[in-house]
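These notes concern the structure reproduced below.
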Amino acid sequence: MLDIELIRRKPDFVKERLSTRDRELPKLIDDVLELDSRKRKILTELESLRAERNRKSKEIGFYRKEGRDTQALEEEVRKLKLKIEKLEEEFSDIEERLKEVLLRIPNLPHESVPVGENEEDNVEIRRWGEPPEFMFKPRPHWEIGEKLGILDFAKGAKLSGSRFTVVRGMGARLERALVNFMLDLHREKGYQEVIPPHLVRPEVLIGTGQLPKFEEDLYRCERDNLYLIPTAEVPLTNLYRGEILKEEDLPIYLTAYTPCYRREAGSHGKDIRGIIRQHQFNKVELVKIVHPDTSYSELESLTADAEEVLKLLNLPYRVVELCTGDLGFSASKTYDIEVWFPSQNKYREISSCSNCEDFQARRMKTRFKDSSGKNRFVHTLNGSGLAVGRTLAAILENYQREDGTVEVPEVLRDYVKADIISPT
RNA sequence: GGAGAGGUGGCCGAGUGGCCGAAGGCGGCCGCUUGCUAAGCGGCAGAGGGUCAAAAGCCCUCCGAGGGUUCGAAUCCCUCCCUCUCCGCCA
């Protein structure tokens, strides 16, 4: 959520920033300004009426003790009460509408973010590793996986429909090995390992920004009014919702492995084959809750921590800075890490590392008491470290051999207890 | 699922209709004192918001959430949520 104070003080600045995301957004700021000024006008009136009521009610108490008659006063207060109730209704109506608009406005892009409309305007920051040269035509991961008997698309569809896959045998072991490898690595870097709930309340999703705007993308258990998490970012970031932390508690580094559940509404036809885009996929997530002064350097180190996974796996990648038009709802600044896919001859997203500044903190009411005793919102960051299914796919493609077998990356061999994946 | 207990400030905890936004304790901060990190004494401090150029001040809201009763609710009533204990079920 944006700071209403900022919107009031610098509406043009806010509009300018938002317009770099989407030209339609500044209109919403006008709505906010409108509703906010009406809200405050009513509030002022409401408060003076309430003050009057409180004062007179107290007087009644005193007079009664002295045995005086208070009927006339009581009647006055009764009348006041009616007025107050009417105004209160008006007030909460406007407040509700204001909140509704505010919750649907995305975060302001940081000034350093390149302005652009979509993916094409993203800026490559750096590359690491060399795409492997093959003496044969590299196969896509779904072919490799099916041939090896480790990716079973037919069974996935039978059980659950499209975008569900059964991973078997060495594939399952490799995936589990990846999870352990990633968690171990991050734990060594100072992240606390967490196992969060996979089902969360709506407020929690409002906190990180998935609701109210992206309801369509979520799986919901209606009976219990709980949602399946689309990413561990949601429960991890919300761990401190509503709390006032001590300054010395910061920074907090968290990591978790969870499945992620996404309806993928509106992505029909994209990445139909393979395991790049699934309704359920595993991910190791990194979350940081930090002091506002440090959030941008923390973003760099968080991105580096995610990159480290690819370096150790020896998978070629590049880091891309998202332009304003491609930025996610809650993010001020985002680096995407894209891994090389030989069969597609291009880099594909495998991690997204964002600084949300105080956008989520304001929604969650997560604050800390600073050295001067003032309560301030924390900054929150998140990034994949990494998407496990996509990492598996990248390994299959980059480590494939002409005979259809796949070499196991060096660092995983102790985990999987095998050097080569061959058909079972 | 059944029965019971309970949800108050960073934490513990008192408070059953009106100077209660809340005693007391712990913890915190600031002084002072004592030749040491200890102890003692005094003081300060809940959160959010409105008004104001700003500060002060004044005012409003908040005692799990939402309704209700009342001139007046942390206190009474209703609904919901959550936590705990016992029983049942269960990996």
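Side chains included, hydrogens not; waters and symmetry mates left out as well; all remaining heavy atoms used. A, B, ... follow the sequence lines: proteins, then strands. Residue 1 opens every chain.
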Just checking, is any N or O donor in the side chain of [X] or [Y] under 3.5 Å from an acceptor N or O on the other one?
X        : Y        : answer
A:Glu357 : A:His379 : no
A:Gln360 : A:Thr380 : yes
A:Glu307 : A:Tyr317 : yes

Pair assignment for RNA chain B - dot-bracket with | for other-strand partners, Watson-Crick or G-U under 3.5 Å: ((((((((.[[[..)..(.....]]].(((((.......))))).((((((.....)))))).[[[[[..)....]]]]])))))))....
Which value, in whole Å, describes the distance between the [atom1] atoms of nucleotides [N] and [M]?
N     : M     : atom1 : result
B:G28 : B:U37 : P     : 15 Å
B:G68 : B:G15 : P     : 29 Å
B:A23 : B:A14 : C1'   : 6 Å
B:G17 : B:U69 : C1'   : 12 Å
B:C41 : B:G46 : C1'   : 25 Å
B:U34 : B:A56 : P     : 35 Å
B:A39 : B:U33 : C1'   : 11 Å
B:U70 : B:C86 : P     : 43 Å

Mind checking if [X] touches a base, just sugar-phosphate, or nothing, with heavy atoms under 4.0 Å?
X        : result
A:Arg201 : sugar-phosphate
A:Arg8   : sugar-phosphate
A:Arg55  : nothing

In this structure, how many angstroms lie between the [atom2] atom of [N] and the [atom1] atom of [X], rounded?
X        : N     : atom1 : atom2 : result
A:Phe368 : B:G10 : CZ    : P     : 16 Å
A:Tyr63  : B:G18 : OH    : C1'   : 15 Å
A:Leu46  : B:U61 : CG    : C1'   : 10 Å
A:Phe91  : B:U61 : CZ    : P     : 12 Å
A:Glu203 : B:C81 : CD    : P     : 13 Å
A:Arg362 : B:G48 : CZ    : P     : 12 Å
A:Ile94  : B:G50 : CD1   : C1'   : 15 Å
A:Arg241 : B:A47 : CZ    : P     : 20 Å

Earlier contact from the 5' end, RNA chain B, for A:Asn54 and A:Val77: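 Of the two residues, A:Asn54 wins.
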Comparing A:Arg53 and A:Leu73 on RNA chain B - which has the more 5′ nearest nucleotide: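 The residue closer to the strand's 5' end, by nearest nucleotide, is A:Arg53.
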[X] vs [N]: side-chain N/O to OP1/OP2 distance below 4.0 Å:
X        : N     : answer
A:Arg50  : B:C60 : no
A:Arg376 : B:A47 : no
A:Lys369 : B:A47 : yes
A:Arg40  : B:G49 : no

Short N-O contact, A:Arg38 and A:Glu34, less than 4.0 angstrom: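 Here A:Arg38 pairs with A:Glu34 in a salt bridge, since their nearest N and O are under 4.0 Å apart.
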Steps toward side-chain hydrogen bond (donor to acceptor under 3.5 Å, both in side chains) verdict (A:Tyr227, A:Glu215): CA-CA 10 Å; A:Tyr227 292 81; A:Glu215 168 99 45; 3.0 Å; yes
All salt bridge (charged side-chain N to carboxylate O under 4.0 Å, His left out) counterparts of A:Glu203, not counting sequence neighbours: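 For A:Glu203 there are no salt bridge (charged side-chain N to carboxylate O under 4.0 Å, His left out) partners, ignoring immediate neighbours.
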Name of the residue among A:Glu300, A:Glu298, A:Glu321 meeting salt bridge (charged side-chain N to carboxylate O under 4.0 Å, His left out) with A:Lys333: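 That would be A:Glu321.
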A:Lys81 side chain, from C-beta outward: closest of B:A47, B:G72, B:C59: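 Shortest atom-to-atom distance from the side chain points to B:G72.
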Under-3.5 Å donor-acceptor pair between A:Glu47 side chain and B:G49 base: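 Yes, the side chain and the base share a sub-3.5 Å donor-acceptor pair.
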Identified side-chain hydrogen bond (donor to acceptor under 3.5 Å, both in side chains) partner of A:Ser354 from the options A:Thr303, A:Asn107, A:Thr334: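 Answer after filtering A:Thr303, A:Asn107, A:Thr334: A:Thr334.
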Sidechain-backbone polar pair: A:Asn398 side chain, A:Ala394 backbone, donor-acceptor under 3.5 Å: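 Such a contact is found between A:Asn398 side chain and A:Ala394 backbone.
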